[in-house]
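Take a look at the structure set out below.
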Amino acid sequence: MPASGVARMQLGVIGLGRMGQIVVERVLEAGHEVVAFDLSPEAVATAADVGAEPADSVEDLADTLGDDKRIWLMVPAGDAVDATLNDLDPHLDEDDVVVDGGNSHFEASVRRAEACSAAYLDCGTSGGPAGAELGFSLMVGGPEWAYDEMTPVFDAVATGPAGHDRMGPAGSGHYVKMVHNGVEYVLMQAYGEGFELLAEGRYDLDLEAVARTWNNGAVIRSWLLELCEEAFREEGSDLGDVDDHIAGGSTGTWTVQEALEQEVPVPLIYQSLAERFGSRAEERFSRRLANRLRYGFGRHEVARKDD
Ligand SMILES: NC(=O)C1=CN([C@@H]2O[C@H](COP(=O)(O)OP(=O)(O)OC[C@H]3O[C@@H](n4cnc5c(N)ncnc54)[C@H](O)[C@@H]3O)[C@@H](O)[C@H]2O)C=CC1
Ligand SMILES: O=C(CO)[C@H](O)[C@H](O)COP(=O)(O)O
């Protein structure tokens with residue numbers, strides 16, 4: 001049962017991957033009921049193992065929920081959200097609430113909120129799978145009544161009541177999450193540059209010890225720095241065989257696009273994104289041209305591929 005005074009809710013969860021399973025578990029732990037669906041039967045079985053009622057289609061999930069449906073989507077951003085909403089919409093009305101907890105583009109969320117027959121909440125979710133124990137930070141956009149209605153669920157999925165808030169109207173939750181990710185890129189880049197200098201610099205340092213020392217009282221302590229400490233502990237100060245290729249990048253790209261549109265300078269976010277893209281190239285054409293141009297103007301020796 002939920003804590004006294006909190007009504008027991010029934011939540012449909014669609015998308016039961018790394019993040020969706022955590023939503024399921026935290027909502028069940030808070031004493032609510034969950035009906036769960038995923039395209040993967042294995043993922044549905046995992047949710048059923050922890051106490052969710054399994055559904056074998058979106059329609060089955062909607063039928064099981066009955067009136068006043070409360071549904072959380074945790075599918076990959078993009079087509080999967082639209083496909084799910086297409087299947088759901090015939091079963092929805094204005095008393096229902098749908099939450100998109102994924103990393104959708106804020107403009108797509110505004111469009112979906114307008115088209116959806118239910119009240120639609122766009123919910124930026126931060127904390128990642130590693131945040132399961134603590135709970136997430138939730139940035140929610142959409143109608144106030146729907147946010148209030150979902151508060152017991154947000155209390156359960158977030159770190160608690162302080163871990164979620166309504167940012168504003170449709171789109172604002174995913175807008176805030178987009179900018180959060182831009183900041184995330186910069187922090188990763190800043191820690192990366194600092195540790196690179198320490199790794200390449202004058203002293204033979206134990207970087208796990210550096211990170212641990214910084215995490216205990218230093219101005220720059222943070223969860224990302226704790227993750228640096230973990231990485232050096234598990235991989236070694238030289239990061240072992242970890243490659244210098246960084247995947248992802250969509251949310252950072254959106255942040256930079258929006259900053260250009262708003263004419264707000266975000267050079268650090270752009271630079272961090274550019275480093276990420278640059279990491280994917282085996283070799284950089286621009287570096288090769290610079291190599292050749294130094295010969296052009298200074299007759300400096302050109303480094304050749306088989307040197
Ligand atoms: N992993 C992370 O650190 C974070 C992820 N997010 C966002 O949360 C969302 C989910 O991410 P993850 O759980 O990491 O992804 P995931 O890939 O682990 O799980 C996605 C799940 O959705 C299911 N799925 C895909 N299309 C579906 C459909 N049409 N109907 C039903 N189920 C469908 C897949 O079978 C899979 O089980 C994404 O938008 C992601 O960007 C947000 C914050 C942190
Ligand atoms: O939102 C997140 C963290 O806050 C997710 O981890 C997201 O998948 C990061 O994606 P990308 O690195 O491509 O921006």
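Residue numbers start at 1 and run along the sequence shown. Whatever order the structure lists ligands and atoms in, that order sets their numbers, starting from 1.
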The answer for which part of R276 has a heavy atom under 4.0 Å from ligand 2 is side chain

So which bit of T125 gets within less than 4.0 Å of ligand 2, heavy atoms only: side chain, backbone, both or neither?
neither

Tell me, please: is P76 in heavy-atom contact with ligand 1, that is, under 4.0 Å?
yes

Is it true that R111 and E107 have a side-chain N and a carboxylate O under 4.0 angstrom from each other?
no

Checking E193 now: which residues fulfil salt bridge (charged side-chain N to carboxylate O under 4.0 Å, His left out) with it, not counting sequence neighbours?
none

For G248, atoms of ligand 2 separated by under 4.0 Å from a heavy atom:
13 (O)

Should the ring pair F297 and H300 be called parallel, tilted or perpendicular, given that the plane angle runs from 0 to 90° and is split at 30 and 60?
perpendicular

Can you sort out the partners of R112 under side chain to side chain donor-acceptor pair (under 3.5 Å), two or more places apart, ordered by chain and number?
D82, S104

Side chain, backbone, both or neither: V58 near ligand 1, heavy atoms under 4.0 Å:
neither

Where's the contact between N103 and ligand 1, heavy-atom distance under 4.0 Å: side chain, backbone, both or neither?
both

Among all protein non-hydrogen atoms, which one is nearest to atom 3 (C) of ligand 2, and what is the separation to 0.1 Å?
E184 OE1, 3.3 Å

Please report which non-hydrogen protein atom sits nearest to atom 11 (P) of ligand 2, along with the residue it belongs to and the distance in Å to one decimal place.
Y185 OH, 3.5 Å

Closest to atom 1 (N) of ligand 1 by heavy-atom distance, out of G128, A83, P129, is P129

T125 to ligand 1: N or O pair under 3.5 Å?
no

Would one find an N or O of S126, backbone or side chain, under 3.5 Å from an N or O of ligand 2?
no

Cation-pi check, R299 onto Y295 ring (under 6.0 Å, within 45° of axis)
yes

Minimum-distance protein heavy atom relative to atom 13 (O) of ligand 2
G249 N, 2.7 Å

Among E229, E226, R221, which residue meets the side-chain hydrogen bond (donor to acceptor under 3.5 Å, both in side chains) test with N215?
E229

Examine R18 against ligand 1 and note whether any of their N/O atoms are separated by less than 3.5 Å.
yes

Based purely on interatomic distance, does G101 place a nitrogen or oxygen under 3.5 Å from a nitrogen or oxygen of ligand 1?
no

Is Y270 atom OH crowded by more than 12 heavy atoms from other residues, nucleotides or ligands, each under 6.0 Å away?
no

Using a 3.5 Å cut-off on N or O atoms only, is S40 in polar contact with ligand 1?
no

Return the residue, atom name and 0.1 Å-rounded distance of the protein heavy atom closest to atom 5 (C) of ligand 2.
N103 ND2, 3.8 Å

